Amino acid sequence: MGLIETQVAAELAEWPGFKSHGLGAEKIRENLVRPPKDDMGDLAFATFKAAKEAGKSPAQLALELVAGRDTARISKRLRKIEDPDDTADEPVAPPRSALVVAVGTAGPYVNIRLNRAAAGALLLTEIEKQGEAYGNSESGKGKTLVIDLSSPNIAKPLAVHHLRSTMIGYSIKKIRESQGWRVVGVNHLGDWGTGFGKLIAGLKRIPSVAALAAKKAKEQLTEGNFEVLPEFTVKELNAEYQKFNEAMKSDPELEASGKREFALLEQAIVAENTKPGSAVGTPGYENFYIYRSAREKSLSEFARVYKDLGISFKPLSIVAAQRSKEEQQLKSGTFPATGVYIGESHWAVVGARCQPIVDTALKTGVAEKSDGAVVIWVNGKKPGKDGKPPPPVILQKDDGASSYHLRDIASATYRHEGLGGTDLAYVVGSEQSLHFQQLFKALEMLGYEWAKNCTHVDFGLMLFKNDKGGWEKTSTRRGTAIMLEDLLDEAIKSVREIMAAKNPELAGTPDGEAVAHAVGVGAVVFNDLKAGRRNNVKFDWDAVLDFEGESGPYMLYQYVRMGSVMQAFSKRYCEQEPGLPDEASAKAGAQATGIALDDVAKAALHGDAALLTLDEEWRILKLLAEFPDAVAKASDEYEPSVVAQHLIKLAGATSTWWVATRDSRIVGDDKALSLARVRLVNAIRTTLGKGLTLLGMSLVDRM
RNA sequence: GCGCCCGUAGCUCAGUGGAUAGAGCAGCUGCCUUCUAAGCAGCCGGUCGCAGGUUCGAUUCCUGCCGGGCGCGCCA
């Protein structure tokens, strides 16, 4: 309630009681709390701290603050303190003021009741002025957050657990942007490592693939001709990889072949990068073809799922000139996608950043050789009780290859220097917390002062019910992993079925399909974001597909209801009343899906907030007022669930109000009252819509 | 063994250094001639893991224990 609290504090500071105790507006604001029950008051001043400074009992101070000039009443009340049974505090008449209308004490609290009409008008005007910008702030102005999100591995399908990093990251991006931050999304694709050597070795065991790759490798790779794996889906690529791993167990030679194939791949890429065409015809170039094909295949499958979620990524070019153009787009916010793919391979291949980091670290003594590898002892070398020192960060393996730590360091310096990140965030599962703790420590030891602005935005695991009824991690091998795409499809299908029963006119139409998509995806997304990110997610089909209660569809349902009310208002009043825009009625016909709502919103500006006298309406107004605080908190804590939880309260209060007005209707016979209520409806719709958008959900006008 | 995260209603989760700890789901009872019942109201349900400490006040902060999860040098 930022807006209102500030004014209340200013008003209270003028009260004789507060003045004589030297309590200024700022101090008052700091100690304003929200009473646990609505009937206790709207706000309360907690006297504990002030009482300590004044050397008085909190309850006594509370009475003195409230007393005004009525000393006789004070002494009467002080006597009541002596007799705890007598708790009947009567309100004391306050000085006249705009917002504060009634004050009473309850022990150490000065409970404040607000002038609902004045507070309501103040707030509604603010929301109307801000519109979709309601909840925004400028607190991040001039700062840039580079956020690592989604980051799947190529040649593996997107499974449900990828939803977490993707949507938590996307929502944080939107929330931070609303607070004035410039945010660059980076999809740190897992597209490098010996695992891909194994994949290549495995695929080469298939004669047709080997033959096609050999043939292709004789010509220069161009955009159109890299396809050597046309018949493979990503799922099948992954199956080949699994098969190879299985075979490796009984044949150590296979493991060595994987390493060899990876080394060949690396050579070819580096050669190609140095001098295009120089690797053509080499065995490594065959690997490059296979690798490239698998990568493209993966990206196109990812794009399909990302599109369902309403997001997109584009790769960062490996061509320097093109790349710097893209970097400018990223910096200015004109990059034509949610984020940029900068895979790990980028740092192994393009990154001239890696080797200098190692060299400098060795020269300055930050790093040293250990067992042939270059390491940084980020947590010291002293052995613990187990006789082993805490694990160091490995920059370079004993065979000279870069480690993922080194590539992350290179990538981090790029995010700071190349992308202008003042702050870096990594939306990655909590199982990697040691890695990030080490990474940040290493950055600090390497002398990057911005290391303190790096945050691991960790989140809990996705767990699945096993045969014994317990919860365990997903396993692709055991087939317990659920494909993200399947989950979304299943949710959309369920929505379709429900819609056929509840809204048969809409179901099956093209509009209905779009709605089913938005509601189904929204259900999955909201389900993922509503709880604190650190909780493990116990994946349960029944819970995900339950569209009642605290669910995405419920949120959208309340949003849709608000639109329906505005439509109803348009039909009933706009077309008859000369004072209201009558073109609204024409647009608000049966087809309308929000087009006319802007006009209704304009009409609603004339509503009189003083007519919103119901407790249900007041509760909604207070929740609307608190919305910006929730967004700010969510931003500070990298915690979208703070927004989601607030929306749950707002949607619930809205639904309660809807039913409470069942008899008179929100749009009823009383035109002035209807108009006032539609004004509130419009504010709810604005706020709810804004919040859901911040969570990365799409809005619908019917469902 | 060490490190990080977690422990709140039968289940899934909110919550806060302060007033009588809240939702949803599940179970039971009611409520649709009306702007969508994907809804609303009510009942039932709690030793806030345990024990100390700090504080005027602790579910919240600190310490120790118990229970669960994850991780712990050349995979990423």
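The shown structure was predicted, so the numbers you read here are calculated from the model rather than taken from an experiment. Naming convention: chains lettered A, B, ... in sequence-line order (proteins, then strands); numbering from 1 in each chain.
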### Task
Encode nucleotides 39-49 of chain B as B, S and - characters from 5' to 3', where the letter depends on protein heavy atoms closer than 4.0 Å: B to the base, S only to sugar-phosphate, - to neither.
BSS--------
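- Under the 90° criterion around 0 for the glycosidic angle, B/rC32 counts as syn.
- In this structure, A/Tyr109 and A/Phe48 have perpendicular ring planes: the angle between them is above 60°, well past the 30° mark.
- Candidate nucleotides B/rA14, B/rC75, B/rA19 were compared by shortest atom distance to the side chain of A/Lys397, and B/rC75 ranks first.
- The aromatic rings of A/Trp192 and A/Tyr291 sit perpendicular, their planes meeting at an angle over 60°, well past the 30° parallel limit.
- Rounding to the nearest 0.5 Å gives a distance of 10.0 Å between CG of A/Leu439 and CD of A/Gln437.
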## Note on the structure
For RNA chain B, the dot-bracket notation using Watson-Crick and G-U wobble pairs below 3.5 Å, [ ] for pseudoknot-type crossings and | for other-strand pairs, is (((((((..((((....[...)))).(((((.......))))).....(((((..]....))))))))))))....
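- At least one side-chain heavy atom of A/Trp658 sits under 4.5 Å from a side-chain heavy atom of A/Met562.
- Residue contacts for A/Ile394: at a heavy-atom cut-off of 4.0 Å it reaches a base atom on one of the strands shown.
- Spacing between B/rC43 and B/rA23 at atom P, rounded to whole Å, works out to 10 Å.
- Contacts of A/Thr661 with the nucleic acid, taken as non-hydrogen atoms under 4.0 Å apart, include base atoms.
- Both geometric conditions, a ring-centre gap below 5.5 Å and a plane tilt below 30°, are not fulfilled together for A/Phe48 over the base of B/rG57.
- Across the C1' atoms, B/rG15 and B/rA9 are found 14 Å apart, a figure rounded to whole Å.
- Closest approach to the A/Thr194 side chain among B/rA19, B/rC70, B/rC75 is made by B/rC75 (side chain taken as heavy atoms from C-beta onward).
- A salt bridge does not link A/Glu505 with A/Arg702: none of the charged nitrogens is closer than 4.0 Å to a carboxylate oxygen.
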